[in-house]
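Working notes, beginning with the structure itself.
Per chain, numbering begins at 1; letters A, B, ... match sequence-line order.
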There are 2 protein chains.
Amino acid sequence: MSQPDTKQRILNSAEHQFATDGYHATSLRSITAAAAVNLAAVNYHFGSKEALLEAVIIRRLDPLNKIRLGKLEALLKKAEQVKEVPASRDILRTFIEPTLHLRQQGSDTEDFVALTGRILAEPRGVAMSIFIHHMEPLMIRLFQALSLSLPELSHQTLFWRLHFVIGSLSHIMRCHERHSIVPEDISIDPSVDELVEMFLDFATAGMEETK
Amino acid sequence: MSQPDTKQRILNSAEHQFATDGYHATSLRSITAAAAVNLAAVNYHFGSKEALLEAVIIRRLDPLNKIRLGKLEALLKKAEQVKEVPASRDILRTFIEPTLHLRQQGSDTEDFVALTGRILAEPRGVAMSIFIHHMEPLMIRLFQALSLSLPELSHQTLFWRLHFVIGSLSHIMRCHERHSIVPEDISIDPSVDELVEMFLDFATAGMEETK
DNA sequence: GTATGATTTAAACGTATGTTTTAATTCTGT
DNA sequence: ACAGAATTAAAACATACGTTTAAATCATAC
């Protein structure tokens with residue numbers, strides 16, 4: 001190819017701008033300008049703006065979900081071998097840890113984390129259906145595993161608590177930098193690992209609460 | 001006035017459409033058409049589309065925050081009289097309960113709840129700064145109260161846990177109807193009061209976790 | 001080296017947007 | 001009833017958008 005990978009350059013640029021400004025507030029002209037490619041390249045390579053968004057999402061989401069599902073299945077298998085139920089903290093970890101760890105792997109993936117969090121919040125119709133379609137198998141498995149680990153909870157309670165955890169997670173993913181609704185005197189950014197453990201403390205306690 | 005309250009009709013229509021489709025995906029033409037007023041009325045009464053968004057937010061947020069702050073101050077005062085620290089569950093309740101109770105007060109406020117949740121997720125620049133400005137005093141007070149109630153937690157831990165709670169809450173506010181990433185067999189929608197208690201169980205446990 | 005298919009380019013298309021303008025209309029106070 | 005201010009109305013404005021077109025350029029295989 002003449003230009004080194006036009007498609008990838010578009011995907012990177014789109015990922016960054018969608019994550020920063022949102023889907024509707026981002027124009028193809030600014031995406032292609034930042035990627036230093038021609039305006040028509042998006043429609044040539046992807047078909048439409050919406051298809052570009054889908055490509056942006058899928059490029060990262062599928063590998064991520066493979067990792068998450070792999071860790072979850074491995075955990076369940078190991079627990080079964082010892083004839084024990086897996087701890088809810090470990091189950092949640094298989095979902096949370098790979099997600100937040102994306103932030104360490106360079107700024108491109110950082111954009112995706114923010115974008116993912118934002119999609120969960122955007123009005124349905126555009127990306128939500130794509131997203132749900134790619135998340136559903138994992139979520140079902142996660143729900144089953146938690147149900148196994150916390151049999152005393154009703155399905156409704158478990159469902160909502162998982163809902164709460166996902167809400168928190170998507171919030172963290174969106175506001176990785178300057179959230180600061182509460183302006184702290186000393187607001188040292190924790191490391192990703194610290195954040196994971198801090199969130200697991202919170203989420204596990206909320207999950208396991210007997211009430 | 002000839003038409004009964006053009007401004008209110010615009011605010012209602014805008015609130016509904018901003019909440020449903022998002023700010024950027026909503027046009028002034030569809031807002032004014034739904035409100036059955038002239039297109040130019042928005043710029044005449046509010047000045048611009050962005051100023052309209054601000055008006056939509058402030059109309060509901062200020063009264064809501066007055067209620068929340070009032071309940072919080074009353075709680076703190078009562079606790080001080082008995083020389084005790086308020087329970088973290090009660091503190092969280094002053095914030096969560098008035099928010100979710102908006103959903104019972106008619107469908108107009110329901111729209112606002114969804115919109116509020118969405119603003120927390122939208123890219124900063126448009127509404128975020130408005131929102132933060134109006135939330136800050138309340139959040140500071142909330143943080144102080146929780147710090148009083150949970151003195152064993154470091155400020156950093158407390159800050160993040162409050163962050164998690166707000167994330168969950170905004171997620172609930174956004175997805176009041178069709179969440180269903182996990183398609184439940186029996187997904188009976190709980191009443192608002194049940195939801196409040198269920199969320200308080202979760203959030204309080206996560207907050208109070210000693211680790 | 002030239003023909004073929006894939007890609008890039010520049011330009012235009014049709015449409016939709018937020019905003020402004022100017023005139024008509026309605027309300028208010030006397 | 002009437003003058004003046006406030007509001008509404010219809011139209012136009014300038015601009016930005018996603019998409020399409022048609023020619024130019026490139027890569028590759030014969």
Side-chain angles (χ1 to χ4, degrees), chain A residues 1-59 115 118-119 122-123 125-130, chain B residues 1-59 115 118-119 122-123 125-130:
Chain A
M1 304 180 184
S2 62
Q3 298 281 59
D5 253 12
T6 301
K7 284 182 77 167
Q8 293 299 321
R9 293 237 302 287
I10 292 174
L11 284 171
N12 292 335
S13 172
E15 183 174 63
H16 179 68
Q17 298 202 34
F18 285 157
T20 306
D21 302 325
Y23 174 76
H24 283 106
T26 302
S27 72
L28 293 184
R29 281 171 173 82
S30 79
I31 290 174
T32 52
V37 303
N38 189 271
L39 168 62
V42 168
N43 285 278
Y44 176 77
H45 285 288
F46 297 96
S48 68
K49 185 185 179 184
E50 194 164 330
L52 171 61
L53 174 60
E54 181 164 353
V56 166
I57 295 168
I58 290 177
R59 173 173 69 147
L115 176 60
R118 183 146 299 145
I119 286 165
E122 262 195 18
V126 187
M128 196 59 166
S129 58
I130 303 166
Chain B
M1 303 179 183
S2 64
Q3 299 281 60
D5 254 12
T6 300
K7 284 183 77 167
Q8 294 299 321
R9 294 235 302 287
I10 293 174
L11 284 172
N12 291 336
S13 171
E15 182 174 64
H16 179 68
Q17 298 201 34
F18 285 157
T20 307
D21 303 324
Y23 173 76
H24 283 106
T26 303
S27 72
L28 293 184
R29 281 172 174 79
S30 78
I31 290 174
T32 52
V37 303
N38 189 271
L39 167 62
V42 168
N43 284 278
Y44 176 77
H45 285 287
F46 298 96
S48 70
K49 185 185 179 184
E50 194 165 330
L52 171 61
L53 174 61
E54 182 165 351
V56 166
I57 295 168
I58 290 176
R59 174 172 69 146
L115 176 60
R118 184 147 298 145
I119 287 165
E122 264 196 15
V126 188
M128 196 59 167
S129 57
I130 302 167

Worksheet, complete the sentence: note: A:Ile31, atom CD1; D:dA16, atom P; distance rounded to Å ~ 17 Å
Discussion item. Expressed as a whole number of angstroms, how long is the span from B:Ile10:CD1 to D:dT7:P?
Written reply: 12 Å
Worksheet entry | Closest to the B:Ser27 side chain, choosing from C:dA6, C:dG18, C:dT19 | C:dG18
Discussion item. Can you tell me which nucleotide in D:dA9, C:dT19, D:dT8 comes closest to the side chain of B:Asn43?
Written reply: C:dT19
Worksheet entry | Length of the NZ-P vector between B:Lys7 and D:dA6, whole Å | 13 Å
Item to complete: With the side chain of A:Arg29 defined as its heavy atoms from C-beta on, choose the nearest nucleotide among C:dG18, D:dT8, D:dG18.
Response: D:dG18
Fill in: Whole-Å distance separating the NZ atom of A:Lys49 from the P atom of D:dT20
15 Å
Worksheet item: Where each residue is assigned the nucleotide of DNA chain C containing its nearest heavy atom, which of B:Leu39 and A:Leu39 is assigned the position nearer the 5′ end?
Response: A:Leu39
Fill in: Between P of D:dT8 and CG of B:Asn38, the distance in whole Å
9 Å
Worksheet entry | Donor-acceptor contact below 3.5 Å, side chain B:Lys7 vs main chain B:Phe46 | no
Worksheet entry | Spacing between B:His45 atom NE2 and C:dG18 atom C1', to the nearest angstrom | 17 Å
Item to complete: Let me know the distance between CG of A:Asp21 and C1' of D:dA16, rounded to the nearest Å.
Response: 16 Å
Practice prompt. Kindly say whether B:Arg9 contributes a backbone atom to a donor-acceptor pair with the side chain of B:Ser13 at under 3.5 angstrom?
Written response: no
Fill in: Separation of atom OH in B:Tyr44 from atom P in D:dA10, rounded to whole Å
17 Å
Item to complete: Identify which nucleotide among C:dT7, C:dG18, D:dA10 has an atom closest to any side-chain atom of B:Leu28, counting heavy atoms from C-beta outward.
Response: C:dG18
